[in-house]
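A quick note: this is a predicted structure, and the numbers were derived from the prediction, not measured. First listed ligand is number 1; within each ligand, the first listed atom is number 1. As a basis for the values below, the full set of heavy atoms in this structure was taken, side chains included, without hydrogen atoms, waters or symmetry mates.
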Amino acid sequence: MPELPEVEITARLLDSALRGARIESAVAPGINALKTFEPPLTALAGDEIAAVRRRGKHLVIETAGGLALLIHLMSAGRLQLYDKRAGPRDRTSRLLVRVTAQTPGEVPRELELRLREFGSKQAAWVKVLPADALEQDDAVATLGPEAWPDPPTLSDVLDAPRPLHAILRDQRVIAGIGRSWVDEILWEAQLSPYKRGADLQPPEAERLRAAIVETLGHAIAHYEDVIELPIPDKLPMPLRIHRHHGEPCPRCASTLEAVHFEDYVIAYCPACQTEGRVLKDRRLSRLLR
Ligand SMILES: [Zn+2]
């Protein structure tokens, strides 16, 4: 679920809280989320956090000692900062980083950064890399250009015979958009989820680009207003279309429709996006759930 806006606000809040903080220890308890062995996680101890930033849907924690912690939250992860230490009964933590944050003139604060994951999938992962190897890591090297704040010219990057709903979520094509925000973006641009990227006319590609900038930018601005550390378990996503099928379209008041898949749902407005056509819905997968 965390996509570009959710990861961006996480990076911003953690960056302001942790820049300059000293790392005491880093451990990956329970089922190991750590995907690298060298350098070891213990190499972070004694180092200092230089910055926390976002790349696509990944978080990057850079240290003054030249290491980078690359984190992917996948569908159900959160990177949360607490002023208490996790007890032994906390089974949701995949990574625990204990730090001491010191603001000049104030008492040092002992904090704990936890990568927590909800649900049974346990797919979130962490890599410890030399900072200068980050861009060559598979997960980063394969990423397309960032969807926000300045996405590329879409008539170039989306020029493929694939539906917009799929191609916009392909991180190798454009980085940051997932199943939630793609519905909002396509609704904003008034484009069908099944329109092929290669069929986009130049004015449509322009409209889509503007919709990406507007939609993701609006979500980030919303989070700046409402989200605080430690980062809530459930993020208040300002969605208007995704998960709103059956409700009136905010633009034209037609009923929003949906196409159900085994593990996600496409929502759209037939009047605004598909010239009134209701797309074939694969209800069977929904009935089997
Ligand atoms: Zn509509």
Side-chain angles (χ1 to χ4, degrees), residues 1-6 8-9 75 147-155 157-170 173-174 176-226 234-287 289:
M1 198 199 311
E3 299 176 23
L4 190 152
E6 293 74 36
E8 175 70 23
I9 192 66
S75 62
W148 185 90
D150 186 23
T153 304
L154 295 181
S155 44
V157 297
L158 302 186
D159 188 13
R162 299 168 64 198
L164 291 176
H165 196 275
I167 199 170
L168 286 171
R169 291 182 293 119
D170 186 339
V173 174
I174 185 165
I177 300 168
R179 291 167 180 174
S180 298
W181 291 106
V182 70
D183 282 354
E184 307 294 313
I185 288 165
L186 289 170
W187 176 84
E188 184 69 39
Q190 302 191 49
L191 290 169
S192 167
Y194 286 116
K195 189 178 185 76
R196 286 164 190 271
D199 295 340
L200 273 183
Q201 299 304 309
E204 292 174 324
E206 268 306 301
R207 211 160 75 216
L208 182 55
R209 188 182 181 282
I212 291 172
V213 174
E214 159 69 24
T215 303
L216 299 180
H218 176 266
I220 295 165
H222 170 75
Y223 292 146
E224 284 279 3
D225 286 342
V226 301
K234 199 162 167 45
L235 294 169
M237 297 175 78
L239 300 168
R240 297 189 289 173
I241 310 304
H242 189 70
R243 298 195 209 118
H244 287 270
H245 49 281
E247 298 176 19
C249 167
R251 184 188 291 120
C252 76
S254 300
T255 302
L256 298 174
E257 295 288 342
V259 184
H260 292 80
F261 292 87
E262 194 172 340
D263 52 0
Y264 69 106
V265 177
I266 298 176
Y268 66 99
C269 172
C272 294
Q273 293 174 256
T274 57
E275 296 164 343
R277 273 176 296 130
V278 175
L279 306 171
K280 192 175 166 201
D281 186 7
R282 301 175 189 180
R283 292 275 166 172
L284 185 61
S285 58
R286 186 181 170 211
L287 295 172
R289 226 187 297 180

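Ring-plane geometry between His245 and His260 is classed as perpendicular, the angle between the planes exceeding 60 degrees on a 0 to 90 degree scale with a lower cut at 30.
Side-chain polar atoms of Asp183 and His244 form no donor-acceptor pair below 3.5 angstrom.
The set of protein atoms (N, O or S) found at less than 2.8 Å from the Zn ion (ligand 1) reads Cys249 SG, Cys252 SG, Cys269 SG, Cys272 SG, by chain and number.
At least one test fails for Arg277 against the ring of Tyr194: distance under 6.0 Å to the centre or angle within 45° of the axis. Arg240 forms no cation-pi arrangement with Trp187, by the criterion of a distance under 6.0 Å to the ring centre and an angle within 45° of the ring axis.
Annotation: Gln190, atom CD; neighbour count of heavy atoms from other residues, nucleotides and ligands within 6.0 Å is above 12.
Tested against Lys195 for a side chain to side chain contact (heavy atoms under 4.5 Å, CB included), the candidates Leu200, Thr274, Leu186 yield a single pass: Leu200.
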